[in-house]
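Right, one structure below, let's go through it.
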Amino acid sequence: MKPILLTFLLLGFFAVSFYSINTISSKHTPLNVQTNQKLISMHHTEGDTFKVDLIVNTKHSMYVYEEAMVSHKLQSKDELLSLPIDLVKYAFTEHDEHFRISLTYAMTLEDASERVHLEEAILVIGYDDNKHLFIPIGEFAYDFTKDDFSSLDYTASTPIKGDYGYGDSVVGQCIGLASQSDAPLTIKDITLFSSHVKPNMDYMVEVTGPVNPLMDLETILNTPYNPKNPSVAPKTLTLSPGEKTTVCLPFATTRHLSVDHYPIQVVYGDAAHDKTLVIDDFTYADIGLDGVPHESVMRDGIIE
Amino acid sequence: MKKTGILFLVCVYLCAGPVTLMASEYRTFEEITFKSSSFDLLEDYSETDYELAYEEIDKRKFWGWRTHTVLNNVRVSFKKETMMIIRNEGTSAIEKDYTFKTKTSNATQLSASGSIGIEAKGPIQSFKTGLDSELEFSAESSTKTTEEETIEIAIDVDPMTELRIEIYGEGKVSNGVGKLYRFFRNTKKGGWEVFTLTSQYYSIEKVMIEQ
């Protein structure tokens with residue numbers, strides 16, 4: 001064989017070897033899974049679903065593909081409570097510096113005597129090689145309270161946007177309420193079925209003008225507000241028969257959770273007894289559309 | 001003579017300034033508001049704005065783009081639209097679970113004026129003639145698209161009432177001008193704009209139907 005041909009062959013061999021080593025090493029990047037911890041609060045209706053977005057650093061791992069996922073469930077941090085869920089939609093999208101797996105889950109629980117509540121919910125995905133991914137996704141609440149279909153209705157429900165240093169989120173709510181009663185009604189409490197995110201009744205104000213989600217919360221409340229302040233002197237509000245009003249409340253938070261989808265329960269009383277109005281869970285915000293996750297609330301997943 | 005005529009037409013075309021504006025969905029929003037009133041969207045650039053911006057990129061170049069950025073990722077708020085979801089003109093209340101889908105829109109959208117062009121491959125937009133790679137925002141436009149979002153709600157709507165969803169949001173705007181040079185000759189010029197949607201908020205409202 002001519003030396004020049006031999007040289008070319010050797011060069012070719014080195015080039016192919018270098019390319020293969022590079023490709024193999026890139027395909028063995030350790031998988032890193034992250035998610036924004038958020039409040040997932042739902043009120044039971046037919047066909048309830050919720051979505052979890054996972055941010056992964058590589059697409060060269062079998063664990064990012066739907067075909068390898070064989071089971072899904074939510075469980076409490078202490079593993080005492082476990083909730084089966086069905087994956088109904090899987091989407092994988094490429095972004096500039098990461099990949100996003102969007103998982104939409106359907107609830108399989110049709111009835112329960114009391115609220116299902118996981119203060120620190122862990123999403124557990126089982127794979128076909130018997131490994132599992134455990135990733136904390138925030139707080140999960142699923143409530144079965146029946147609406148009283150009675151003397152109070154809502155005319156508007158407006159989220160108020162804010163940022164307490166861990167990304168945009170919903171930080172308060174304005175609700176238009178209309179009494180349909182012949183007797184006075186007293187608004188006693190408003191909740192999101194969450195332990196960590198609660199409307200702070202101490203700061204409830206009535207507003208007369210229009211409100212929109214981009215208005216400044218403290219301007220609406222007309223006072224400085226610290227979301228870590230617990231409620232110590234909750235206000236109530238009495239509506240005359242047929243009266244309509246709009247109330248705004250800030251959310252008090254005890255954890256850094258992104259808030260975008262939730263039901264609202266209004267507890268009110270008439271002369272006889274307490275009743276509830278439930279505004280069904282609704283997506284009030286799409287946050288992080290430009291693909292930037294909230295870095296301060298990420299948690300690493302673990303492949304066992 | 002013929003050559004002079006063609007040259008004249010080319011000059012008229014190049015000097016005519018922002019004749020047409022090729023725009024994206026964000027230009028159809030009901031309101032777009034900057035925090036400072038001194039900031040403008042490309043469509044609000046005056047002839048003086050263009051002239052001042054072009055002065056920054058007057059130096060000729062053998063080949064390629066010269067660009068000048070006027071606004072760099074400036075935050076804006078917007079009111080997108082009001083969607084009418086249920087209209088109950090009947091005599092009894094509607095009580096139902098309702099599902100609706102929000103419109104799919106690109107998180108990053110582009111506009112251009114003058115002789116700068118935009119091309120689209122499906123939902124993904126880019127500036128023509130390599131301007132895309134000249135601007136640092138361009139790489140993002142190829143990947144950031146929002147998914148169609150299904151929103152479900154169980155709701156009661158009284159007689160002669162309609163349910164509306166108002167959509168507000170926030171985004172970032174970058175804009176400026178560019179000139180394309182070929183053999184030291186300016187062959188294209190115009191304005192460019194990149195709008196990046198960062199968040200959307202949905203507000204529910206039940207409104208009485210006026211009779």
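Naming: A, B, ... by sequence-line order, numbering from 1 per chain.
Taking B/Glu162 as the reference, B/Arg87, B/Arg164 meet the side chain to side chain donor-acceptor pair (under 3.5 Å) condition, with sequence neighbours excluded.
At a cut-off of 3.5 Å, with distance as the only test, a side-chain donor of A/Asp286 or B/Tyr202 sits close to an acceptor on the other residue.
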Pair B/Tyr201, A/Asn212 - check side chain to side chain contact (heavy atoms under 4.5 Å, CB included), show working. CA-CA 9 Å; B/Tyr201 299 88; A/Asn212 76 59; over 6 Å; no

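Note: A/Leu214 leads A/Leu214, A/Asp281, A/Thr45 in heavy-atom pairs under 4.5 Å with chain B.
No more than 12 heavy atoms of other residues, nucleotides or ligands shown are found within 6.0 angstrom of CD on A/Glu114.
Interface residue A/Asp153: only side-chain heavy atoms are found under 4.5 Å from chain B. A/Gln180 touches chain B through its side chain: at least one heavy atom from C-beta onward sits under 4.5 Å away, while N, CA, C and O do not.
Here the closest non-hydrogen pair linking B/Ser199 and A/Asp168 is OG-OD2, 4.1 Å. Smallest separation of non-hydrogen atoms from A/Pro159 and B/Ser203: CD-CA, 4.1 Å.
Interatomic distance, B/Leu163 CG to A/Thr155 OG1, rounded to the nearest 0.5 Å: 11.5 Å. Interatomic distance, OG1 of A/Thr158 versus CD of B/Glu166, reported as 7.5 Å (0.5 Å rounding).
Applying the salt bridge (Lys or Arg N to Asp or Glu O under 4.0 Å) rule to pairs touching residues 51-67 of chain B yields B/Asp58-B/Lys179, sequence neighbours excluded.
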